[in-house]
Amino acid sequence: MAEQYDVVIIGAGAAGLMCAATAGYRGASVLVLDHANKPGKKILMSGGGRCNFTNLNTTPAHFVSANPHFCKSALSRYTPWHFVELVERHGIKHVEKAPGQLFCADSSKAIVEMLLTECEWAGARVRLNTTVTHINDQPVGKPGSGRTEGGFTLRTNDGVVRAGKLVIASGGLSIPTMGASPFGYKVAEQFGLNVLPTRAALVPFTLQPADKAWLAELSGVSAEVRAEAGGRSFSEPMLITHRGLSGPAMLQVSAFWQAGADVTVDWLPMLADPYAALLEERKQHPNGTVERWLRSFFSQRLAAALVARFDWRGPLQHHANERLASIAAVLKGWRFKPSGTEGYRTAEVTLGGVDTGAVSSKTFEVKTVPGLYFIGEVLDVTGQLGGFNFQWAWASANALAETL
Ligand code: FDA
């Protein structure tokens with residue numbers, strides 16, 4: 001005899017657990033299936049182990065999607081304050097590390113424990129180490145199972161489960177070692193939905209050999225920069241690593257960068273006119289150097305490396321105005337062409353995914369397949385860095401569950 005549930009959710013991550021608890025409270029019998037051996041693995045590793053679980057300044061403008069309107073309804077119905085209220089009800093201490101960015105004061109474990117407690121209180125069951133091989137007697141991903149009437153039959157490594165409603169919350173492709181898989185995209189294709197091309201985002205850049213040669217020696221050095229790609233710019237710290245360029249500034253622009261394009265770095269976003277500042281510095285300290293001047297903004301290592309790389313040596317009085325203007329231009333708009341990104345191995349999120357055109361923004365139900373739903377990162381909705389992706393997981397899960 002197959003087990004029977006009102007709602008079966010695939011994926012015990014942020015969206016899946018939130019949906020399970022909310023649906024359970026509304027009286028549905030709920031089962032969550034996950035192939036991993038632990039629930040909420042990405043929550044555990046997020047925010048450096050302290051989970052940046054929301055952003056108080058969340059707006060639809062913080063999300064990238066082929067349909068920028070899709071996220072509006074869910075975000076307005078479940079705001080960051082709803083989640084803060086839940087977190088506080090569970091006595092979880094939190095801190096605002098940057099404006100609007102809320103983190104656990106202690107450990108992200110508290111968020112997973114909170115979600116599991118909510119599931120337990122709501123009567124929702126979570127089953128791990130479970131792989132779904134077939135949906136409606138079709139191997140997962142084989143196109144053509146078409147519309148369904150009266151629910152879904154799932155064949156798993158642990159028996160057959162019948163679901164009145166099937167929710168796909170299996171996330172994106174980033175960090176495969178943490179359980180990420182293309183499961184959700186395969187289910188979408190099985191039911192004839194469009195899946196938009198995916199790529200890694202919120203991810204460090206790798207460098208061409210010439211840039212790597214001078215930057216790799218600076219591994220561990222960071223600077224407050226303004227980075228720009230694809231018409232979007234972010235003033236945040238940049239971190240130089242032995243593989244390339246990382247830190248919030250680079251992760252943010254990676255979501256707007258297209259392969260083959262340049263990234264522009266303003267090394268001195270705090271200075272509106274570095275040329276004027278250099279002219280003044282030459283007047284005040286004619287025997288001074290560009291390196292000495294740069295040390296008032298950067299670490300000694302970075303100042304020295306910039307001077308060596310662009311050959312800005314010598315006393316300032318030997319630099320003509322045109323030379324100072326060209327130094328200022330490089331500092332204001334250094335361009336590099338990444339060789340690529342570190343990819344899904346280290347990316348925080350996946351851009352693209354299940355085309356939102358097929359899904360109701362109110363209920364998250366697939367328009368052509370009654371009873372089938374997609375929530376969270378598996379959809380083509382990607383937040384910027386700063387707690388927005390979890391807010392999307394909570395909001396989309398809640399929007400679905402409250403319509404059950
Ligand atoms: P999520 O990935 O959380 O869950 C998907 C679940 O589905 C997983 O449990 C997985 O095992 C399961 N699954 C996958 N394939 C399956 C299959 N075939 N069968 C069964 N189960 C399957 N965001 C943010 O807002 N603040 C932050 O601080 C961070 N930090 C961060 C750090 C790092 C290192 C990463 C990788 C990501 C972040 N993020 C983040 C992004 C955030 O973690 C992500 O957007 C959400 O977890 C997405 O929630 P979902 O529930 O959609 O997927």
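All values derive from a computational prediction rather than experimental measurement. Both ligands and their constituent atoms are indexed starting at 1 by order of listing.
- The protein atom (non-hydrogen) at minimum distance from atom 15 (N) of ligand 1 is S181 OG, 2.6 Å.
- For ligand 1, the polar-atom distance check finds an N/O of F390 within less than 3.5 Å of one of the ligand's N/O atoms.
- For the residue pair R282 and H319, no side-chain donor N or O sits within less than 3.5 Å of a side-chain acceptor on the partner.
- For F388, every heavy-atom contact with ligand 1 shorter than 4.0 Å involves the backbone, none the side chain.
- Every atom of ligand 1 with a heavy atom of F183 under 4.0 Å away is listed here by number and element: 17 (C), 18 (N).
- Side-chain contact of T22 with R26: a donor-acceptor pair under 3.5 Å is absent, judged by distance alone.
- Of the polar atoms of A15, at least one N or O is found under 3.5 Å from an N or O of ligand 1, judged by distance alone.
- For the ligand labelled ligand 1, residue D34 lies inside the 4.0 Å heavy-atom shell.
- Ligand 1 places these atoms under 4.0 Å from at least one heavy atom of N52: 24 (C), 25 (O), 26 (N), 27 (C), 28 (O).
- For the side chain to side chain contact (heavy atoms under 4.5 Å, CB included) with F374, the lone residue among L193, T356, D380 that qualifies is L193.
- Contact annotation: for A14 versus ligand 1, heavy atoms closer than 4.0 Å belong to both the backbone and the side chain.
- If you take CG on L400 and NZ on K362, they are separated by 14.0 Å, rounding to the nearest 0.5 Å.
- Separation of atoms CZ (F234) and CZ (R232) is listed at 5.0 Å; rounding is to 0.5 Å.
- When only non-hydrogen protein atoms are considered, atom 14 (C) of ligand 1 lies nearest to G179 O, 3.2 Å.
- The shortest separation from a heavy atom of A347 to ligand 1 is under 4.0 Å, placing the residue in contact.
- Here A180 has no heavy atoms under 4.0 Å from ligand 1, in either its backbone or its side chain.
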Inset, instruction - Take W392 and F390, measure what ring pair (Phe, Tyr, Trp, His ring centres under 6.0 Å) needs, and give me the verdict at the end. - result: CA-CA 5 Å; W392 172 245; F390 280 134; over 10 Å; no
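- Using cut-offs of 30° and 60° on the angle between ring planes, the pair F83 and F53 is tilted.
- The proximity of A169 to ligand 1, defined as any non-hydrogen pair under 4.0 Å, is limited to the backbone.
- Residue-to-ligand polar distances keep T130 apart from ligand 1: every N/O pair is separated by 3.5 Å or more.
- Listed by number with element, the atoms of ligand 1 under 4.0 angstrom from any heavy atom of G376 are 52 (O).
- Atom CG of residue D34 and atom CG of residue L128 lie 6.0 Å apart, to the nearest 0.5 angstrom.
- Scanning the protein heavy atoms around atom 20 (C) of ligand 1, the nearest turns out to be H35 N, 3.1 Å.
- At least one heavy atom of I10 sits closer than 4.0 Å to an atom of ligand 1.
- Using a 4.0 Å cut-off to heavy atoms of G11, the atoms of ligand 1 that qualify are 6 (C), 7 (O), 12 (C).
- Within the 4.0 Å heavy-atom criterion, neither part of T131 lies near ligand 1.
- With hydrogens left out, the protein atom closest to atom 1 (P) of ligand 1 is G13 CA, 4.2 Å, a heavy atom.
- For atom 30 (N) of ligand 1, the nearest non-hydrogen atom of the protein is S46 CB, 3.2 Å.
- Of all the atoms in ligand 1, the ones that sit under 4.0 Å from a non-hydrogen atom of G171 are 5 (C), 52 (O), 53 (O).
- Below 3.5 Å of separation, one finds an N or O of E377 facing an N or O of ligand 1.
- Taking atom 36 (C) of ligand 1 as the reference point, the nearest protein heavy-atom neighbour is I175 CG1, 3.4 Å.
- Between W312 and F310, the ring planes lie parallel to each other; the angle is under 30°, not in the 30° to 60° tilted range.
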Legend entry - side-chain hydrogen bond (donor to acceptor under 3.5 Å, both in side chains) assessment of S174 paired with K42: CA-CA 10 Å; S174 65; K42 278 196 193 159; 3.3 Å; yes
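- Within a 6.0 Å sphere centred on CZ of R77, heavy atoms belonging to other residues, nucleotides or ligands number more than 12.
- Summary of contacts: the protein heavy atom closest to atom 38 (C) of ligand 1 is E348 OE1, 3.6 Å.
- Taking every non-hydrogen atom of G47 and a distance limit under 4.0 Å, the qualifying atoms of ligand 1 come out as 28 (O), 30 (N).
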Legend entry - Chi angles and distances behind the side-chain hydrogen bond (donor to acceptor under 3.5 Å, both in side chains) call for E113, H90: CA-CA 10 Å; E113 279 162 16; H90 282 257; over 6 Å; no
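- One distance of note links CD1 of I327 with CG of L306; it measures 11.0 Å at 0.5 Å rounding.
- Classification of the H62-F388 ring pair by plane angle, with boundaries at 30° and 60°, yields parallel.
- Taking a cut-off of under 4.0 Å to the non-hydrogen atoms of A36, the atoms of ligand 1 that pass are 11 (O).
- Aromatic ring centres of F152 and Y5 lie farther apart than the 6.0 Å criterion allows.
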